Amino acid sequence: MNFTEEFAEVIVTVIDKQIEKEQVITMIETPKYKEMGDLAFPCFSLAKHYRKPPKVIAQEISKEIQTPLFEEVKAVGGYVNVYLNKTEVSSKILTQIITEKEYYGSTNIGQGGVVTIDLSSPNIAKPFSMGHLRSTVIGNSLGLVLEKCGYKPVRINYLGDWGTQFGKLIVAYQKWGSEGQVRENPIQELFRLYVHFHKEAENDPSLNDRGREAFKKLEDGDEETLKLWKWFREESLKEFMKIYNMLGISFDSNHGEAFYNDKMDRVVQLLEENNLLEESDGAQVVNLEDSAPCLIKKRDGTTLYATRDVAAAIYRQETYHFVKSLYVVGHEQTLHFKQLFKVLEKMGYEWHAGLAHIPFGMILKDGKKMSTRKGKTVLLEEVLKEAIELAEKGIKEKNPDLASKDEIARQVGVGAVIFHDLKIFRMNNIEFSLEDMLRFEGETAPYVQYTHARACSLLRRGNDKIHLSIDKFEDVEAWPVISLLMNFPGVIQQALKDYDPSKIAKFVIELSRAFNKYYATVKILDSNKVQERLALVYAVKIVLNEGLRLLGIESPEEM
RNA sequence: GUCCCAGUAGCUCAGCUGGAUAGAGCAACAGCCUUCUAAGCUGUGGGUCGCAGGUUCGAAUCCUGCCUGGGACGCCA
């Protein structure tokens, strides 16, 4: 049920098809202020055609509109403002939500097409930083949104488990490390060595050469080096799993960069066959018209990030036959992806059209990038732990009798951290602020979860009074809530189109605000409208739950 | 130097496929719990929408230039 479409239909008939229906739909807007109605059609662009002032056109159009769906049609200035028939529309929307439940807002525009999502991708032997959190939560949410729209998401954790950095790490370990210390505290110790290496390399650049040598040995399959590498990888993965478990995120594939080692030769061969490789300063590159050349092989014959990404893209297409392939990676890599996609296009793969980089801004500390090499980084695990503790404290204070406090504290604390990231448009840089992340009031996940818990509480208390058919909904006070509920499917489409979960985050905040206001002004259980009001509460619960779910956040029934 | 992203209230951000009076949250202040979960609700103050031009009936929104911040620009990923 789409009232915009119905409105457009009427307009098109009245203006005698001067404008296509599709275009009318895009022209229709929601008035800025609710006193001005629920839908509005601006007549300014018709002025030229009719050679009349927009005001007059608006009046003429509004006079001709008559449908039971609109309770009033008014011309205000150059606008045709429509007031929906609240009783009619409310009943329809609520019935729909209560019938469809969590499927409200679902579509099948994806038609089962596979979409691979490259997300999270932390680097082995480095702590899981706040930066990786962005990729993880944005990618996860996009996967959920895609799924809701009929796609089949495949989440790929493209672990950074290969590259010159491992040469460096191995040199550092052999020079300054010990097995015992690494066993005791893997990530921390490996990271310490990594940072130490860079510090030493500032005074002694030859270390960098030794790092490259060690990596060459690794690529050539030297047993000793390979053994170390495997060990580092395993320990790191164990640590990462702890975090993914806390976040409630899982992957369909953990193939990291190393997985493609034996698939590189083929890529180089394919490039050669297509006559795309050229030599430049001893390196092998693919020249591109509108951007810098893409490096495929270094002077010493070892491969690069781009080579691996080409191999990965081909492998993913052959394995999953994706219709789209998304890379949720920081915007500082925009050029890299531009080059990657161009290379694949030049190789003649038609599926290159489905490739997309989903960039996002950085987490800054004091306005600057948090550099892992210098050891200036904030550990996600610490932040999550702190958030959970704080949530637990809140529960003990506000709801001491609550059962399963631990589980709910986890849902609330983790939700707060995820939401803090997702509510902001992905391209914005985020200034790291523990204080903001641990805030549980205002525009936060706990606020939405709290609203959901309130709704659940009402439903528990009024259980016997819920009726699943709403014939007449005459509670005018609920209109702001209803009109938001009505927008949910559209919000999902927006989030899908722009690959932007923040649209959903903003929506659940708005809905919560509207509902809390309603809750504060109206008695729900103790009223002669209990049935219809509980139906509304039920619908709100469904939509909040589903909205949060699409963000990767759980909704406790009590808190 | 070239290219990308951002610049809206003290702070964090919406609004940006042009439209009607510029919106939230936080912080500050003042209220609301014998009454459905106060992680809530109500109210007050707070703005040259970075700057300058241009397009338009109409610009925070589109175009150009400039300023500021961040990032990228071949052997890192």
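Note: hydrogens, waters and symmetry copies are ignored here, and every other heavy atom, side chains too, is used. Note that the coordinates shown come from a computational prediction; the quantities given were computed from them, not determined experimentally. We name chains A, B, ... by the order of the sequence lines, and we start the count at 1 in each one.
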Could you tell me whether the side chain of A:Arg461 and the main chain of A:Leu525 form a donor-acceptor pair under 3.5 Å?
no

With a cut-off of less than 4.0 Å, is there a side-chain N or O of A:Lys298 near OP1 or OP2 of B:C76?
yes

Determine the contact category for A:Asn81: base if any of its heavy atoms lies under 4.0 Å from a base atom, sugar-phosphate if only primed atoms, P, OP1 or OP2 are that close, otherwise nothing.
base

Given 3.5 Å as the limit, does a donor-acceptor pair link the side chain of A:Ser62 with the main chain of A:Val73, or not?
no

So what does A:Glu557 hit on the nucleic acid, given a heavy-atom distance under 4.0 Å: a base, only sugar-phosphate, or nothing?
base

Tell me the interatomic distance from A:Lys523, atom NZ, to B:C33, atom P, rounded to whole angstroms.
12 Å

Does A:Lys529 have more than 12 heavy atoms from other residues, nucleotides or ligands lying within 6.0 Å of its NZ?
yes

Any base atoms under 4.0 Å from A:Ser280, or only sugar-phosphate, or nothing? Heavy atoms, all strands.
base

Using a 4.0 Å heavy-atom cut-off, does A:Ile395 contact any base of the nucleic acid, only the sugar-phosphate backbone, or nothing at all?
base

Take atom C1' in B:G50 and the same atom in B:U8, then report the distance between them in whole Å.
10 Å

P atoms of B:U44 and B:C5, separation to the nearest Å
40 Å

With a non-hydrogen cut-off below 4.0 angstrom, is A:Gln449 in contact with a base, only sugar-phosphate, or nothing?
nothing

Quantified in whole Å, what is the P atom distance between nucleotide B:A14 and nucleotide B:G74?
32 Å

Looking for any heavy atom pair under 4.0 Å, which part of the strands does A:Pro31 touch: base, sugar-phosphate only, or nothing?
base

With sugar-phosphate meaning primed atoms plus P, OP1 and OP2, does A:Tyr305 contact a base, only sugar-phosphate, or nothing at under 4.0 Å between heavy atoms?
base

Are more than 12 heavy atoms, taken from residues, nucleotides or ligands other than A:Lys298, located less than 6.0 Å from that residue's NZ atom?
yes

Readout for nucleotides 67-73 of chain B: B = base within 4.0 Å of protein heavy atom, S = sugar-phosphate only, - = neither; 5' to 3' it is ---BSSS

Should the pair A:Phe341 and A:Tyr327 be assigned to parallel (<30°), tilted (30 to 60°) or perpendicular (>60°) ring geometry?
tilted

Could you tell me whether the side chain of A:Met559 reaches within less than 4.5 Å of the side chain of A:Gln411, counting heavy atoms only?
no

Please work out if A:Leu304 contacts a base, only the sugar-phosphate, or nothing of the nucleic acid, heavy-atom cut-off 4.0 Å.
sugar-phosphate

Using a heavy-atom cut-off of under 4.0 Å over every strand shown, decide if A:Val329 touches base, sugar-phosphate, or nothing.
nothing

So what does A:Ala40 touch, heavy atoms closer than 4.0 Å: a base, only the sugar-phosphate, or nothing?
base

With nearest nucleotide decided by heavy atoms, which residue, A:Gly394 or A:Lys497, maps closer to the 5′ end of RNA chain B?
A:Lys497

Counting heavy atoms from C-beta on, name the nucleotide in B:G25, B:A22, B:G74 closest to the side chain of A:Lys32.
B:A22

Dot-bracket for RNA chain B, please, read 5' to 3', with Watson-Crick or G-U wobble pairs under 3.5 Å on both distances, ( ) within the strand, [ ] crossing, | other strand, . unpaired.
(((((((..((((.....[...)))).(((((.......))))).....(((((..]....))))))))))))....

